[in-house]
2 protein chains.
Amino acid sequence: MEMVSDERGVTAAAGTAKARIERAALTLFVERSIEGVSTKSIAAQAGVSEGLLYRHFKSKSDLSRTLMKAIHDQLTILVRAHSGQSLEAAVADIVRDYAALADNDWPLFAYHLLYMHRFPNLASDGPLRAAAELVAFNQSAGRLPAAVAPDLLASMALGVVLQAAHGKLLGANIEALSDHIDMFERAVMAVLEDA
Amino acid sequence: MEMVSDERGVTAAAGTAKARIERAALTLFVERSIEGVSTKSIAAQAGVSEGLLYRHFKSKSDLSRTLMKAIHDQLTILVRAHSGQSLEAAVADIVRDYAALADNDWPLFAYHLLYMHRFPNLASDGPLRAAAELVAFNQSAGRLPAAVAPDLLASMALGVVLQAAHGKLLGANIEALSDHIDMFERAVMAVLEDA
DNA sequence: GAGATATAAGTGATTGATCACTTATATTGC
DNA sequence: GCAATATAAGTGATCAATCACTTATATCTC
């Protein structure tokens, strides 16, 4: 059973009813907010009955949490994957992978961008925490000024990329984030070193 | 009739039923999302009847839009107010005022941070647009590199501060944004000049 | 491998609760 | 005594979730 994580599915096998439900929910949640979307409309968009939704998820809240955990864990792994390199290389890789993920599955990325704050339980181990650890390591190695709290500095650095993504949400003329990764990398490094 | 914009009211006179409704709505919207809050619960939190809500606002949607326009316009004016100075001075003033507004009325600021994307009609004239114009002016004057799209660069610069605010929402150890304005200013300038 | 039995996938009608909003009535300040 | 301000009691619609039931797919027994 092939596991995918692209336009066709989040964690379930592509094409299955469960994957169609997840994709429909994701799209509608981003368009109209989580609470603003009914289980009936999710089922209609997925082309399944409303009852089936409850065979695969115990509640609408379970569905929304499952989707968030999928992208949240994906982003966390993405940040941690580049910890064993020089800071410049790590930042370049993380920025590139962030942009690629956003471009390859914008609804999933936008879902995390918009609604992560509704899942505070997940925040204790997420991409922000992973980035803060990367900052702290480079501070203790003397490669970054140690005066700033690591999680705050990580927030500011990530904010450069995330707010550009937010601009795309609001209709700014940004097609693909990947078109700007060199600039993002320079800006992130500038924040880390000059703040 | 005194107009206020602090913990006790957004645009209405302090202490009036209308102001209490606005403040209750704001608090609940930030806690539970706009669609996740009922008119009944807003009225209960404000200590008024549900019907009274409809004497002051024609709908729940009107109420949420009124609140958003209030903070949106306030932020726009804040950015435009500092356009006639040197770039360094403008950035310092804007960062200071942003942080002060966030600290003085966190629910109102958080409301803008969280739900602005649900009001795309307002985006054409907002703080992001005002910041983009400031960037464009400094680019044409040769004080900033002209290679980057102004709205994208403005997004990235604002993102430094806004993502720090987001960190506070997720429970990071940030008490007051105003405690970090010098660092924010340095980071914003670094993004603008090095990106 | 055929028949029997179990399990998973799927349906759509229905539930009580809650939704945004309205109407009829009361109270207030001048 | 009259507006303006407020309230409580409603309205039909829609909500998330569950229900009894059907169909398809395994798994087991011999």
Side-chain angles (χ1 to χ4, degrees), chain A residues 1-4 8-69 111 115 118-119, chain B residues 1-4 8-69 111 115 118-119:
Chain A
M1 184 186 274
E2 182 199 13
M3 300 300 270
V4 297
R8 291 164 301 143
V10 176
T11 55
T16 66
K18 186 173 184 181
R20 291 212 314 283
I21 290 169
E22 289 177 334
R23 183 53 46 174
L26 198 57
T27 308
L28 292 173
F29 286 164
V30 169
E31 273 175 16
R32 314 210 293 257
S33 92
I34 298 174
E35 292 82 1
V37 169
S38 66
T39 51
K40 180 181 215 146
S41 69
I42 295 171
Q45 172 93 354
V48 301
S49 68
E50 197 175 356
L52 185 58
L53 205 149
Y54 290 89
R55 297 273 170 210
H56 291 291
F57 304 95
K58 42 182 259 233
S59 65
K60 178 183 160 185
S61 164
D62 177 40
L63 169 56
S64 67
R65 192 170 43 257
T66 297
L67 292 171
M68 184 57 72
K69 184 151 175 41
Y111 182 67
Y115 305 119
R118 317 270 290 104
F119 301 86
Chain B
M1 184 186 277
E2 180 200 11
M3 301 298 269
V4 294
R8 292 163 302 143
V10 175
T11 56
T16 65
K18 185 174 185 180
R20 291 213 313 285
I21 290 169
E22 289 177 332
R23 184 51 49 175
L26 199 57
T27 308
L28 292 174
F29 286 163
V30 169
E31 273 176 16
R32 293 192 239 143
S33 93
I34 298 174
E35 292 82 0
V37 169
S38 67
T39 51
K40 180 180 217 149
S41 69
I42 296 171
Q45 173 92 353
V48 301
S49 69
E50 196 176 356
L52 185 58
L53 203 150
Y54 289 89
R55 257 173 228 287
H56 291 292
F57 304 93
K58 42 183 260 236
S59 65
K60 179 183 161 185
S61 163
D62 177 41
L63 168 56
S64 67
R65 194 174 336 103
T66 297
L67 292 171
M68 185 56 72
K69 185 152 174 40
Y111 183 67
Y115 304 119
R118 319 271 290 96
F119 302 86

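So you know, we letter chains A, B, ... as the sequences are listed, proteins then strands, and number each from 1.
- Listed by first then second residue, pairs satisfying salt bridge (Lys or Arg N to Asp or Glu O under 4.0 Å) with a partner in residues 49-69 of chain A read A:Lys69-A:Asp73, not counting sequence neighbours.
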| request: Check the pair B:Ser41, B:Ser38 against side-chain hydrogen bond (donor to acceptor under 3.5 Å, both in side chains), reporting the backbone distance first and the verdict last. | output: CA-CA 5 Å; B:Ser41 69; B:Ser38 67; 3.3 Å; yes
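- For B:Ser59 against B:Tyr54, the heavy-atom pair with the smallest separation is CA-CE2, 4.0 Å.
- Taking five base pairs at each end of the helix from C:dG1-D:dC30 to C:dC30-D:dG1 and finding the rotation axis that steps the C1' atoms of four pairs onto the next four gives two axes whose angle is 30°, to the nearest 10°.
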| query | Can you list the steps and then say if B:Ser33 with A:Tyr115 is a side chain to side chain contact (heavy atoms under 4.5 Å, CB included)? | reply | CA-CA 10 Å; B:Ser33 93; A:Tyr115 305 119; over 6 Å; no
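- Taking each heavy atom of A:Arg20 and A:Ala46 in turn, the nearest pair found is NE-O, 3.0 Å.
- Looking at A:Ser49 and A:Leu52, their side chains come closer than 4.5 Å, going by heavy atoms from C-beta outward.
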| request: Any chance you could list the contact pattern along nucleotides 10-26 of chain D? Use B for base contacts, S for sugar-phosphate-only contacts and - for none, protein heavy atoms under 4.0 Å, 5' to 3'. | output: -----SBBB-BB-----
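- Considering only heavy atoms from C-beta on, A:Arg23 comes within 4.5 Å of A:Thr27 through its side chain.
- What separates CG of A:Leu53 from P of C:dG12 is a distance of 15 Å, to the nearest Å.
- One finds no side-chain N or O of A:His56 lying less than 4.0 angstrom from the OP1 or OP2 phosphate oxygen of C:dA8.
- Distance, B:Leu52 CG to D:dA9 P: 16 Å, rounded to whole Å.
- Side-chain contact check for B:Ile42 versus B:Val48: every heavy-atom pair is 4.5 Å or farther apart.
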